[in-house]
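For reference, the structure discussed in these notes is given below.
Values in this document were obtained by computation on a predicted structure and should not be read as measured data.
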Amino acid sequence: MANQIESVYQGNLRTQAKHLASSNTIITDAPTDNNGKGEAFSPSDLVCAALGSCMMTIMGIVAERDGVDLKGVSWKTTKVMSSSPRKIAEIHIEFDFPKELNLEDKYKQKLENAAHTCPVALSLSNEIKQVVVFHW
């Protein structure tokens with residue numbers, strides 16, 4: 001299945017992308033350390049955000065199938081760039097699960113395995129270090 005996105009360069013290192021199926025739009029700006037204004041996500045920020053969202057989505061699919069409600073799980077994403085060549089070197093994600101979930105260790109492992117096999121995680125280059133921590 002193919003999803004389509006239409007994009008336009010707005011000038012001043014800013015882009016706008018439109019998800020055609022939903023009409024939702026996103027804007028990117030170059031970061032301040034790369035000649036931009038940093039007023040929106042940079043393209044590399046979106047890659048990192050996509051990893052965390054994808055991992056959570058896949059854990060959510062598994063949990064819903066098993067009748068487990070993961071509402072309230074939060075996460076923090078940190079992007080580490082290399083300078084030469086300029087690219088994403090590492091993505092750190094820390095998931096915080098509400099204590100009241102009270103999940104068994106075997107189920108926690110099932111969710112962790114699901115997260116690591118999300119499509120974005122599997123699509124990223126092996127050169128990008130993915131550091132994922134689960135706080136149960």
Side-chain angles (χ1 to χ4, degrees):
M1 178 184 347
N3 287 316
Q4 290 191 318
I5 300 165
E6 288 183 350
S7 303
V8 62
Y9 181 63
Q10 295 183 328
N12 296 315
L13 307 180
R14 176 173 281 188
T15 70
Q16 181 177 17
K18 180 179 182 180
H19 181 256
L20 295 184
S22 67
S23 294
N24 285 325
T25 61
I26 56 171
I27 292 174
T28 68
D29 270 337
T32 56
D33 67 347
N34 200 24
N35 305 314
K37 296 178 183 177
E39 294 176 347
F41 285 97
S42 72
S44 57
D45 291 341
L46 290 178
V47 170
C48 298
L51 178 60
S53 294
C54 187
M55 287 180 159
M56 187 65 240
T57 299
I58 297 302
M59 288 189 290
I61 290 169
V62 168
E64 283 187 8
R65 189 177 336 148
D66 295 338
V68 176
D69 184 2
L70 295 181
K71 187 174 182 177
V73 175
S74 62
W75 61 98
K76 184 186 302 184
T77 305
T78 304
K79 173 182 74 173
V80 178
M81 297 289 286
S82 64
S83 57
S84 184
R86 185 172 173 83
K87 64 179 184 173
I88 301 169
E90 299 179 15
I91 304 172
H92 297 249
I93 301 176
E94 286 191 50
F95 287 99
D96 287 307
F97 289 78
K99 300 292 184 213
E100 59 271 10
L101 281 177
N102 237 1
L103 300 172
E104 295 180 12
D105 287 344
K106 186 176 180 179
Y107 198 75
K108 291 175 186 177
Q109 189 60 54
K110 182 178 183 177
L111 292 176
E112 290 181 20
N113 291 342
H116 289 293
T117 58
C118 83
V120 173
L122 297 177
S123 298
L124 292 173
S125 166
N126 288 331
E127 292 180 17
I128 300 175
K129 185 176 179 182
Q130 297 178 34
V131 180
V132 185
V133 177
F134 299 85
H135 297 289
W136 301 101

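From D33, atom CG reaches atom CZ of R86 across 4.5 Å, with rounding to the nearest 0.5 Å. One finds the OG1 atom of T15 at 7.0 Å from the CD1 atom of I26 (value rounded to the nearest 0.5 Å). Atom CD1 of I128 sits about 7.5 Å away from atom NZ of K87, to the nearest 0.5 Å. Rounding to the nearest 0.5 angstrom, the gap separating the CD1 atom in I93 from the CH2 atom in W75 is 9.0 Å. Annotation: the span from M81 atom CE to N34 atom CG amounts to 7.5 Å, rounded to 0.5 Å. With values rounded to the nearest 0.5 angstrom, L51 atom CG is found 11.5 Å from H92 atom NE2.
Partners of E6 under the salt bridge (charged side-chain N to carboxylate O under 4.0 Å, His left out) rule, at least two apart in sequence or in another chain, do not exist in this structure.
Hydrophobic clustering (ILVMFWY, side-chain heavy atoms < 4.5 Å, transitive): L101 and M56 are in one cluster.
For the 3.5 Å distance criterion, the side chains of D105 and Q109 fail to qualify, holding no donor opposite an acceptor.
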Working note: L124 + I91, criterion side chain to side chain contact (heavy atoms under 4.5 Å, CB included); need CA distance, chi angles, decisive distance, verdict.
CA-CA 11 Å; L124 292 173; I91 304 172; 3.9 Å; yes
Step by step, work out the side chain to side chain contact (heavy atoms under 4.5 Å, CB included) result for R65 and V62.
CA-CA 5 Å; R65 189 177 336 148; V62 168; 4.1 Å; yes
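Here the side chains of F134 and L111 are not in contact, with every heavy-atom distance at 4.5 Å or above. Taking the side chain as every heavy atom from C-beta outward, W136 and E112 approach each other to under 4.5 Å.
Heavy atoms from other residues, nucleotides or ligands lying under 6.0 Å from CG of N113 number more than 12. No more than 12 heavy atoms of other residues, nucleotides or ligands lie within 6.0 Å of NZ in K18, so this atom counts as exposed by the packing criterion.
Here the side chain of D69 pairs a donor or acceptor atom with the backbone of K71 at under 3.5 angstrom. Between the side chain of D29 and the main chain of G36, no donor-acceptor pair closer than 3.5 Å is present. Checking side-chain atoms of S82 against main-chain N and O of P85 turns up a donor-acceptor pair under 3.5 Å.
Partner of F95 under the side-chain contact (heavy atoms from CB on, under 4.5 Å) criterion, chosen from V73, V133, L70: V73.
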